Amino acid sequence: MDAVLHDLARHWPLYAAMPFVAALIGYVTKRVAIEMMFRPLEFVGIPPLLGWQGVVPKHGGRMAAVATELLTANLLDLREVLGRIDPVIITSELEQPLLKAVDHIAREVLAEHHPRLWEVLPTLAQEMLIKQVQAAAPRLVREFLDDVRENLEEVLDVQHMTVQRLTRDKKLLVRLIRETSRPEMAFIARMGIYFGFGLGLVQTIVWAFTREPWVLPAFGGVIGLCTDWLAIKLIFVPREPVRVGRVIFQGKFQRRRAEVARQYGELIANEVLTVQNLLDAILRGPRADRLAARVEHLVSETVDAQMPLAWAVGGTRLREMKHAAARKALEQLPDTARYAEGYLTEAMDVAKVIEQRMLALTPLEFEGLLRPAFRQDEWKLIAVGGVIGFVVGELQVLLMLG
């Protein structure tokens, strides 16, 4: 005991520094683990084994599929969301751009497919014909909206759209997970300091009595391993509040349910399920041909309603004109819909719908929102923490014995 006290007195600065070095190990290993989850976006090194790619971007496809499954199964019913759109309001919002689009399409199609008829018509007759087609446009919009709602699965593959959007833009997937888990990441880093300091005190006592060279690297490795593992666990468990005396324990992610629900809903609404993205998926997605067929059917009915035009043009040419009008209507749709984007975003209110549904999830379902990001290659992150801790421990030995 005298020898231990003598050594403590002689090397007290080094002994005093040990818990703080352990706390630093805990913090550094956590920060490294966090950054390794998200960076780099692409593989850096010599493939396939020597190098690293962030866990989230590396497993982007799988994580996007998990997020999409949660979104479509538990959080969002697009049919219900589209049902919030009022046909009267949307028609009013689109009135002027719709009239211009119909005017442009009608003149272009008639001039292209039946130039002689169009040229011989007096200007007044041309205008009357255009007005007739324009008068039918509001009904066409209402029927189109009803048709899309009733046959949504036939014209939109929302899972394909969401997965493609998240996997194509790795930065978006990283931001989706990182933004909703930022406090948890800070918590992991802080826990590294606290746990590291506590283990460092034990390490100091063991070293004082043993002076064994293996003690410092061994404790450094244990600090790196255990603090990584424990900090990750404390994010998610306990799932339900547990009262111990006056203190209530619950996983940090679970405690932040309301905040996470709001953030996640806003990110999905602003970055993934936007009006433009939905339109793009409908018009260019794997089921776009089905939408084209439905639009052509609606346009065909509208043209047939203009009896003088149908009689004047006749069979084959009339079918060509209908096909051309439908194609041009689809081409004009994104630009036309842009005028009602504000109303559509407000009416669908995707962010609020997701937020409310998330608040109704069970704790286990809610955990599934973030847990896959940690589960993938989690052992590698913990192992890296152990290696860094071991190396720092070796450096401590050199200082102590030097």
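Predicted, not measured: the structure shown is a model, and the values here were computed from it.
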By salt bridge (Lys or Arg N to Asp or Glu O under 4.0 Å) - contacts of E95 (at least two apart): none
Do you know which two heavy atoms are closest between [X] and [Y], and how far apart they sit?
{"X": "Q53", "Y": "L41", "value": "NE2-O, 2.8 Å"}
{"X": "P183", "Y": "K252", "value": "O-CE, 3.5 Å"}
{"X": "A351", "Y": "A269", "value": "N-CB, 3.6 Å"}
{"X": "V163", "Y": "A65", "value": "CG2-CA, 4.0 Å"}
{"X": "A23", "Y": "I193", "value": "CB-O, 3.5 Å"}
{"X": "Q276", "Y": "P334", "value": "NE2-O, 4.1 Å"}

Under a 4.5 Å cut-off applied to non-hydrogen side-chain atoms, are [X] and [Y] in contact?
{"X": "L76", "Y": "I268", "result": "no"}
{"X": "L176", "Y": "L166", "result": "yes"}
{"X": "T362", "Y": "E365", "result": "yes"}
{"X": "V56", "Y": "K170", "result": "no"}
{"X": "V272", "Y": "L172", "result": "yes"}
{"X": "L364", "Y": "R239", "result": "yes"}
{"X": "K328", "Y": "H104", "result": "no"}
{"X": "V353", "Y": "V350", "result": "no"}

Output, in order, the C-alpha distance, side-chain angles, deciding distance and verdict of salt bridge (Lys or Arg N to Asp or Glu O under 4.0 Å) for E179 and R175. CA-CA 6 Å; E179 288 301 315; R175 192 162 71 252; over 6 Å; no
With a cut-off of 6.0 Å (strictly less than), are more than 12 heavy atoms of other residues, nucleotides or ligands near CD1 of I46?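 Result for CD1/I46: open.
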More than 12 heavy atoms from other groups under 6.0 Å of OH on Y339: no
Between [X] and [Y], is there a donor-acceptor pair closer than 3.5 Å when you use the side chain of the first and the backbone of the second?
{"X": "R255", "Y": "Q250", "answer": "yes"}
{"X": "N270", "Y": "E266", "answer": "yes"}
{"X": "T274", "Y": "N277", "answer": "yes"}
{"X": "R257", "Y": "L361", "answer": "yes"}
{"X": "R178", "Y": "F38", "answer": "no"}
{"X": "W52", "Y": "M36", "answer": "yes"}
{"X": "R256", "Y": "A261", "answer": "no"}
{"X": "N151", "Y": "E154", "answer": "no"}
{"X": "T336", "Y": "Q332", "answer": "yes"}
{"X": "T162", "Y": "Q159", "answer": "no"}

Which label fits F236 and F253: parallel for a plane angle under 30°, tilted from 30 to 60°, or perpendicular past 60°?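 Answer is perpendicular, since the angle exceeds 60°.
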Checking R149 against D146 for the salt bridge (Lys or Arg N to Asp or Glu O under 4.0 Å) test, could you report, in this order, the C-alpha distance in whole Å, the side-chain angles of both residues, the deciding distance, and whether it holds? CA-CA 5 Å; R149 275 199 292 244; D146 290 340; 3.0 Å; yes
My understanding is that only residues two or more places apart in sequence, or in another chain, count here; which of them pass ring-ring contact (aromatic ring centres under 6.0 Å, His included) with F20? F197
Go through the steps to decide whether I34 and R31 satisfy the test side-chain contact (heavy atoms from CB on, under 4.5 Å), and finish with yes or no. CA-CA 5 Å; I34 291 168; R31 292 307 314 176; 4.0 Å; yes
Point-to-point distance, once rounded to the nearest 0.5 Å, from [atom1] of [X] to [atom2] of [Y]:
{"X": "Y194", "Y": "Y27", "atom1": "OH", "atom2": "OH", "answer": "11.5 Å"}
{"X": "K171", "Y": "D169", "atom1": "NZ", "atom2": "CG", "answer": "8.0 Å"}
{"X": "T68", "Y": "Q164", "atom1": "OG1", "atom2": "CD", "answer": "11.0 Å"}
{"X": "L344", "Y": "L278", "atom1": "CG", "atom2": "CG", "answer": "9.5 Å"}
{"X": "L273", "Y": "I354", "atom1": "CG", "atom2": "CD1", "answer": "6.0 Å"}
{"X": "F366", "Y": "N74", "atom1": "CZ", "atom2": "CG", "answer": "12.5 Å"}

Any pair counted as side-chain hydrogen bond (donor to acceptor under 3.5 Å, both in side chains), so long as it reaches residues 348-357, sequence neighbours left out: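 Qualifying pairs: E80-R357.
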Run the numbers on M185 and M37 for side-chain contact (heavy atoms from CB on, under 4.5 Å), then give the verdict. CA-CA 11 Å; M185 300 304 170; M37 284 184 61; 4.1 Å; yes
Go through V242 and I248 one step at a time and tell me if the side-chain contact (heavy atoms from CB on, under 4.5 Å) criterion holds. CA-CA 5 Å; V242 175; I248 298 177; over 6 Å; no
May I ask you to decide whether R79 forms a salt bridge with E150, counting only side-chain N to carboxylate O separations under 4.0 Å? no
Between L267 and T180, does a side-chain contact (heavy atoms from CB on, under 4.5 Å) hold up when you go through it step by step? CA-CA 9 Å; L267 276 168; T180 53; 4.1 Å; yes
